[in-house]
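Encoded as structure tokens, the structure appears first; notes follow it.
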Amino acid sequence: MRSEAAAPPQPAGLERFLSVGKGRGLRARRRYAAGELLFSCPAYTAVLTVSERGTHCDACFARKEALSKCGRCKQAFYCDVECQKEDWPMHKLECSAMCAFGQNWNPSETVRLTARILAKQKTHPERTESEKLLAVKEFESHLDKLDNEKRELIQNDIAALHHFYSKHLEYPDNAALVVLFAQVNCNGFTIEDEELSHLGSAIFPDVALMNHSCCPNVIVTYKGTLAEVRAVKEIEPGEEVFTSYIDLLYPTEDRNDRLRDSYFFNCDCRECITKEKDKEKLEIRKLNDPPSAEAVRDMIKYARNMIEEFRRAKRYKYILLSHPDSAGLVCSCLITEHSFIGFLDFFIPPSELLEICELSLDKMGAVFEDSNVYMLHMMYQAMGVCLYMQDWEGALRYGQKIIRPYSKHYPAYSLNVASMWLKLGRLYMALENRTAGVKALKSAIAIMEVAHGKDHPYISEIKKELEDH
């Protein structure tokens with residue numbers, strides 16, 4: 001057995017270092033071109049979200065038809081016997097419990113992921129191939145910065161862990177569990193598909209080493225449960241490697257509010273210091289009688305409150321509204337703003353949810369231009385509801401309004417822009433507008449070839465869609 005100190009060899013061309021003002025970080029030792037792979041990292045452990053069972057393999061996350069079902073619980077699905085055997089050390093944590101609890105088996109994704117970390121630490125105490133640069137035990141917890149609400153949520157997760165996993169896990173004491181859940185909340189990743197639909201959650205230790213910037217020079221994408229880090233601009237030797245922890249659509253104040261809430265720091269990147277994009281992102285409607293500064297402030301406050309209401313709903317009880325036929329945290333810090341929600345305790349019918357979005361757009365539209373990011377946020381929610389309702393024309397109308405401002409507000413090779421082009425392309429094709437569909441799908445491919453790599457299965461699938469049409 002390899003000793004704890006004997007880490008696997010570091011990726012060539014990269015080094016861990018102490019970043020001034022940021023702590024640990026990752027630095028390039030050679031030049032990287034845009035689109036070049038810096039490194040890949042297999043998941044230390046991962047968990048497929050429950051809603052994707054039956055369409056994706058629970059072990060490798062591959063999307064395919066005719067998956068084999070677990071013979072006992074009938075709720076886990078696999079490509080083949082090899083995938084099932086590979087996943088058994090983790091699936092056995094849940095298999096009998098799912099049978100025993102039936103419909104009452106409902107641990108959160110954070111709890112499921114943490115249970116798998118505990119099991120992995122027991123069976124693999126040595127450093128793994130996922131920890132060439134950073135070990136799971138080195139993760140920051142920011143325990144001293146947790147407020148009472150976050151501590152209460154962690155205690156609820158600990159209670160759920162004991163409730164659902166008591167048969168197969170050996171637990172550390174409560175204090176150690178608090179630290180572990182805090183580490184997962186700050187260092188966990190969501191795995192998403194080509195349309196940014198949520199597939200599951202995972203731990204990628206080496207990827208977690210990278211620090212944040214709102215001007216990132218790399219992007220993280222996934223091949224199943226393998227994370228890949230590619231350059232999205234030229235990186236010179238000695239330059240720090242930065243990813244983004246958050247959605248970059250929003251203005252500086254909003255981004256830093258999110259960073260403080262989830263990761264406990266303010267960003268000091270060039271964009272946050274200069275705020276050079278904020279004016280465009282917060283564009284005000286040009287009127288003969290322009291709105292007063294107070295009216296603008298009030299509308300921004302209203303928009304932020306609407307976004308926070310959506311986010312808070314997702315933090316506690318939420319569902320993702322994505323139509324299964326449209327080819328398209330977990331903890332709070334892993335939930336993206338670009339999810340479509342309904343409230344489980346008092347589920348809002350889609351038609352009423354769409355009306356809420358439209359009324360909000362009407363109200364904000366009296367002050368904001370359509371390109372304003374708060375308008376775009378609500379349009380995206382409305383588009384999602386239209387997709388759920390199979391209102392393809394309605395979804396297309398919103399998408400057409402979104403795509404150009406997205407391309408302006410997001411950095412180059414943004415997955416958000418690629419996924420919107422992809423949604424638009426598939427909608428055009430479904431509505432038999434092949435010319436527009438081909439153009440949109442090719443726009444998606446152009447971004448994805450840099451962000452995902454030209455050999456990614458998603459790109460092959462999209463090219464096949466083009467051939468089939």
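Values below: all heavy atoms of this structure, side chains included; hydrogens, waters and symmetry mates excluded.
No more than 12 heavy atoms of other residues, nucleotides or ligands lie within 6.0 Å of CZ in R270, so this atom counts as exposed by the packing criterion. When the shell of 6.0 Å around OH of Y413 is examined, it contains 12 or fewer heavy atoms from other residues, nucleotides or ligands. The 12-atom threshold is exceeded at NZ of K408, counting heavy atoms of other residues, nucleotides or ligands nearer than 6.0 Å. Within 6.0 Å of atom NZ in K442, 12 or fewer heavy atoms from other residues, nucleotides or ligands are found, so the atom counts as exposed in its surroundings. Within a 6.0 Å sphere centred on CG of N148, heavy atoms belonging to other residues, nucleotides or ligands number 12 at most. Residue-environment remark: CD (E276) exceeds the threshold of 12 foreign heavy atoms within 6.0 Å.
Counting heavy atoms from C-beta on, the side chains of N256 and R260 come closer than 4.5 Å. The shortest side-chain heavy-atom distance between L118 and L180 falls under the 4.5 Å cut-off. Using a 4.5 Å cut-off on side-chain heavy atoms (C-beta onward), E140 and C186 make no contact. Looking at heavy atoms from C-beta onward, L161 lies out of side-chain contact with R112 at the 4.5 angstrom threshold. Counting heavy atoms from C-beta on, the side chains of H452 and L415 come closer than 4.5 Å. Side-chain contact between L249 and Y374 is absent, with no heavy-atom pair separated by less than 4.5 Å. You'll find the side chain of V241 stays beyond 4.5 Å of the side chain of P216, heavy atoms only. In this structure, L259 and I246 have side chains that are in contact, with non-hydrogen atoms separated by less than 4.5 Å.
Listed by first then second residue, pairs satisfying salt bridge (Lys or Arg N to Asp or Glu O under 4.0 Å) with a partner in residues 205-220 number zero, not counting sequence neighbours. Applying the salt bridge (Lys or Arg N to Asp or Glu O under 4.0 Å) test to residues at least two apart or on different chains, the pairs with a partner in residues 215-228 are K223-E228, K223-D455, E228-R230.
By the 4.0 Å N-to-carboxylate-O rule, R63 lies close enough to E194 to be salt-bridged with it. E449 has a carboxylate O that lies under 4.0 Å from a charged side-chain N of K463, or vice versa, which qualifies the two as a salt bridge. Remark: R426 engages E195 in a salt bridge, criterion side-chain N to carboxylate O under 4.0 Å. The residues D87 and R116 are annotated as salt-bridged, a charged nitrogen and a carboxylate oxygen being separated by less than 4.0 angstrom.
Under a 3.5 Å cut-off, the side chain of K401 and the backbone N or O of M379 do not form any donor-acceptor pair. Side-chain atoms of S414 do not come within 3.5 Å of backbone N or O of P411 as any donor-acceptor pair. In this structure, the side chain of S130 engages the main chain of P42 through a donor-acceptor pair within 3.5 Å. Counting only distance, with no hydrogens or angles, the side chain of N187 and the backbone of F139 share no donor-acceptor pair below 3.5 Å.
Residues satisfying the side chain to side chain donor-acceptor pair (under 3.5 Å) test with S141, not counting sequence neighbours, are none. With sequence neighbours left out, E280 forms a side chain to side chain donor-acceptor pair (under 3.5 Å) with no residue at all. Take H56 and apply the side chain to side chain donor-acceptor pair (under 3.5 Å) test, not counting sequence neighbours, and it matches E52. H162 meets the ring pair (Phe, Tyr, Trp, His ring centres under 6.0 Å) test with Y171; sequence neighbours excluded. With sequence neighbours excluded, the residues forming a salt bridge (Lys or Arg N to Asp or Glu O under 4.0 Å) with R255 are E271, listed by chain and number. For Y458, the ring pair (Phe, Tyr, Trp, His ring centres under 6.0 Å) test picks out H456, with sequence neighbours left out. Partners of Y222 under the ring pair (Phe, Tyr, Trp, His ring centres under 6.0 Å) rule, at least two apart in sequence or in another chain, are F204. Under the rule for a side chain to side chain donor-acceptor pair (under 3.5 Å), the partners of R30 that lie at least two apart in sequence or sit in another chain are E36.
Distance check: Y428 OH to L396 CG gives 5.0 Å after rounding to the nearest 0.5 Å. Once rounded to the nearest 0.5 Å, the distance linking CZ of F189 with CD1 of I203 reads 8.0 Å. A distance of 11.5 Å separates CG in N372 from CE in M378, rounded to the nearest 0.5 Å. Of the inter-residue distances, the one linking N185 atom CG with Q183 atom CD reads 10.0 Å to the nearest 0.5 angstrom. To the nearest 0.5 Å, the span separating NZ on K423 from CD1 on I402 amounts to 9.0 Å. One distance of note links CE of M210 with CZ of R24; it measures 14.0 Å at 0.5 Å rounding.
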Could you check Y32 against E236 for side-chain hydrogen bond (donor to acceptor under 3.5 Å, both in side chains), going step by step and ending with a plain yes or no? CA-CA 7 Å; Y32 289 91; E236 299 297 333; over 6 Å; no
Using side-chain hydrogen bond (donor to acceptor under 3.5 Å, both in side chains), reason through E109 and T49 one step at a time and then give a plain yes or no. CA-CA 7 Å; E109 231 163 84; T49 196; 2.6 Å; yes
What's the verdict on side chain to side chain contact (heavy atoms under 4.5 Å, CB included) for S108 and D157, showing C-alpha distance, side-chain angles and the deciding distance? CA-CA 8 Å; S108 70; D157 283 338; 3.7 Å; yes
How far apart are the C-alpha atoms of Y410 and D247, what are their side-chain angles, what is the distance that settles it, and do they pass the side-chain hydrogen bond (donor to acceptor under 3.5 Å, both in side chains) test? CA-CA 9 Å; Y410 276 112; D247 190 327; 2.7 Å; yes
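A cation-pi arrangement is not found for K281 relative to Y250, the charged atom failing to lie both closer than 6.0 Å to the ring centre and inside a 45° cone about the ring normal.
In terms of heavy-atom proximity, V136 sits nearest to P205 at CG2-CG, 3.6 Å. P251 approaches V373 most closely through the heavy-atom pair CD-CG2, 3.7 Å.
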Ignoring hydrogens and angles, write down the donor-acceptor pairs under 3.5 Å from the side chains of residues 354-370, residues two or more places apart or on other chains.
from: S360; atom 1: OG; to: Y302; atom 2: OH; distance (Å): 3.3
from: E369; atom 1: OE2; to: K286; atom 2: N; distance (Å): 3.4

Contacts under 3.5 angstrom, residues 11-22 side chains, donor-acceptor by atom type, not counting sequence neighbours:
from: E15; atom 1: OE2; to: R27; atom 2: NE; distance (Å): 2.8
from: E15; atom 1: OE2; to: R27; atom 2: NH2; distance (Å): 2.9
from: R16; atom 1: NH1; to: L133; atom 2: O; distance (Å): 2.8
from: R16; atom 1: NH1; to: E138; atom 2: OE1; distance (Å): 3.2
from: R16; atom 1: NH1; to: E138; atom 2: OE2; distance (Å): 3.3
from: R16; atom 1: NH2; to: E138; atom 2: OE2; distance (Å): 2.9
from: S19; atom 1: OG; to: E240; atom 2: OE1; distance (Å): 2.7
from: S19; atom 1: OG; to: E240; atom 2: OE2; distance (Å): 3.4
from: K22; atom 1: NZ; to: D268; atom 2: OD1; distance (Å): 3.2

